[in-house]
Amino acid sequence: MSKQVQLRRGTTAQHSSFTGVAGEVTVDTDKDTVVVHDGSTAGGFPLIKESAIGSTVQAYDADTAKTDTAQTFTAAQRGTITALTDGATITPDFADSNNFSITLGGNRTLANPSNITAGQAGSIFISQDGTGSRTLAWGSYWDFSNGTAPTLTTTASAVDRVDYVVRSSTSIHAVFTSNYS
């Protein structure tokens, strides 16, 4: 090469207060990164280093599911079944999972879940312990057909299932299926 080009250089702190002209390119000497400026944004826009791809920045992968577009999956998709903690009041955290299980050790209340987001759907597997005869009351967000909460199968070790779809932040449409034991 016959010509050498030297770009304006500075530390990250110096870049944070510097607004380069539109199209100007500088070098952040702390990050060892090229920075492109638009004429109005202080600090500009640092470009990533190749070594960051796959470590601090996700590499492009055509097989990675996107959250903002319709998808067609060519293999099975599955989520884990998260065990809920038994207690007088059981409060699912809908940010933890879509599918849950619980073994009732006494008469309980399934409270309104935390982190409810419209559109979430899943199942809750409800098992009786070895004693059975356990009942379950439901929080006010749980909406069942005809407005009637279900009666659990009370046989020892029986399994019932509730499938749900969150309609709004205060309404969970639920369908009960009993006695899978």
Side-chain angles (χ1 to χ4, degrees), residues 1-87 89-103 109-126 139-143 161-175:
M1 292 191 196
S2 60
K3 298 223 179 202
Q4 180 179 354
V5 175
Q6 175 118 13
L7 302 175
R8 189 181 299 205
R9 307 165 67 77
T11 65
T12 302
Q14 290 168 328
H15 271 82
S16 68
S17 61
F18 175 72
T19 303
V21 297
E24 182 173 2
V25 177
T26 60
V27 175
D28 182 323
T29 56
D30 289 337
K31 295 179 181 175
D32 197 23
T33 304
V34 173
V35 179
V36 178
H37 298 272
D38 64 359
S40 63
T41 304
F45 300 92
L47 303 180
I48 63 168
K49 296 190 305 186
E50 186 176 358
S51 62
I53 298 173
S55 59
T56 57
V57 176
Q58 180 176 336
Y60 173 76
D61 179 359
D63 293 329
T64 301
K66 312 295 187 279
T67 59
D68 61 349
T69 185
Q71 308 275 319
T72 300
F73 295 99
T74 57
Q77 307 301 303
R78 59 194 61 82
T80 59
I81 299 174
T82 300
L84 297 170
T85 302
D86 184 43
T89 301
I90 302 161
T91 306
D93 182 346
F94 274 12
D96 286 346
S97 190
N98 290 62
N99 302 308
F100 299 90
S101 65
I102 183 69
T103 299
T109 297
L110 190 66
N112 296 326
S114 60
N115 296 307
I116 299 171
T117 300
Q120 181 171 339
S123 297
I124 302 174
F125 299 90
I126 304 164
S140 61
Y141 294 177
W142 296 96
D143 299 325
R161 187 179 82 216
V162 171
D163 299 313
Y164 70 88
V165 177
V166 177
R167 187 175 72 88
S168 72
S169 62
T170 59
S171 177
I172 303 167
H173 286 202
V175 177

Go through Ile102 and Asp86 one step at a time and tell me if the side-chain contact (heavy atoms from CB on, under 4.5 Å) criterion holds. CA-CA 7 Å; Ile102 183 69; Asp86 184 43; 4.0 Å; yes
Does any N or O in the side chain of [X] come within less than 3.5 Å of the main-chain N or O of [Y], such that one atom is a donor and the other an acceptor?
X: Thr109; Y: Thr89; result: no
X: Asn98; Y: Ala121; result: yes
X: Gln6; Y: Gln4; result: no
X: Ser168; Y: Thr170; result: yes
X: Asn112; Y: Tyr141; result: yes
X: Asn99; Y: Ser123; result: yes
X: Gln120; Y: Arg167; result: no
X: Gln14; Y: Thr11; result: yes
X: Trp142; Y: Ala111; result: yes

Are [X] and [Y] packed together at the side-chain level, in the sense that at least one heavy-atom pair is separated by less than 4.5 angstrom?
X: Val27; Y: Thr33; result: no
X: Val36; Y: Thr26; result: no
X: Asp28; Y: Thr12; result: yes

Quick one: sort the Phe18 and His37 rings into parallel, tilted or perpendicular, breaks at 30° and 60°. perpendicular
List the atom of Thr19, the atom of Ala42, and the distance in Å for their closest heavy-atom pair. OG1-CA, 3.5 Å
How close do Thr82 and Ser97 get, heavy atom to heavy atom, and via which atoms? OG1-CB, 3.0 Å
In this structure, OG of Ser114 is separated from CG of Asp93 (nearest 0.5 Å) by 3.5 Å
How long is the span from the CG atom in Asp143 to the OG atom in Ser171, to the nearest 0.5 Å? 4.0 Å
Any chance you could lay out the side-chain contact (heavy atoms from CB on, under 4.5 Å) test for Val34 and Val25, step after step, and finish with the verdict? CA-CA 7 Å; Val34 173; Val25 177; 3.2 Å; yes
Steps toward side-chain contact (heavy atoms from CB on, under 4.5 Å) verdict (Val162, Ile126): CA-CA 8 Å; Val162 171; Ile126 304 164; 3.9 Å; yes
Is the distance between the ring centroids of Tyr164 and Phe94 under 6.0 Å? yes
Decide yes or no on side-chain contact (heavy atoms from CB on, under 4.5 Å) for Thr85 and Ile90, but give the supporting numbers first. CA-CA 7 Å; Thr85 302; Ile90 302 161; over 6 Å; no
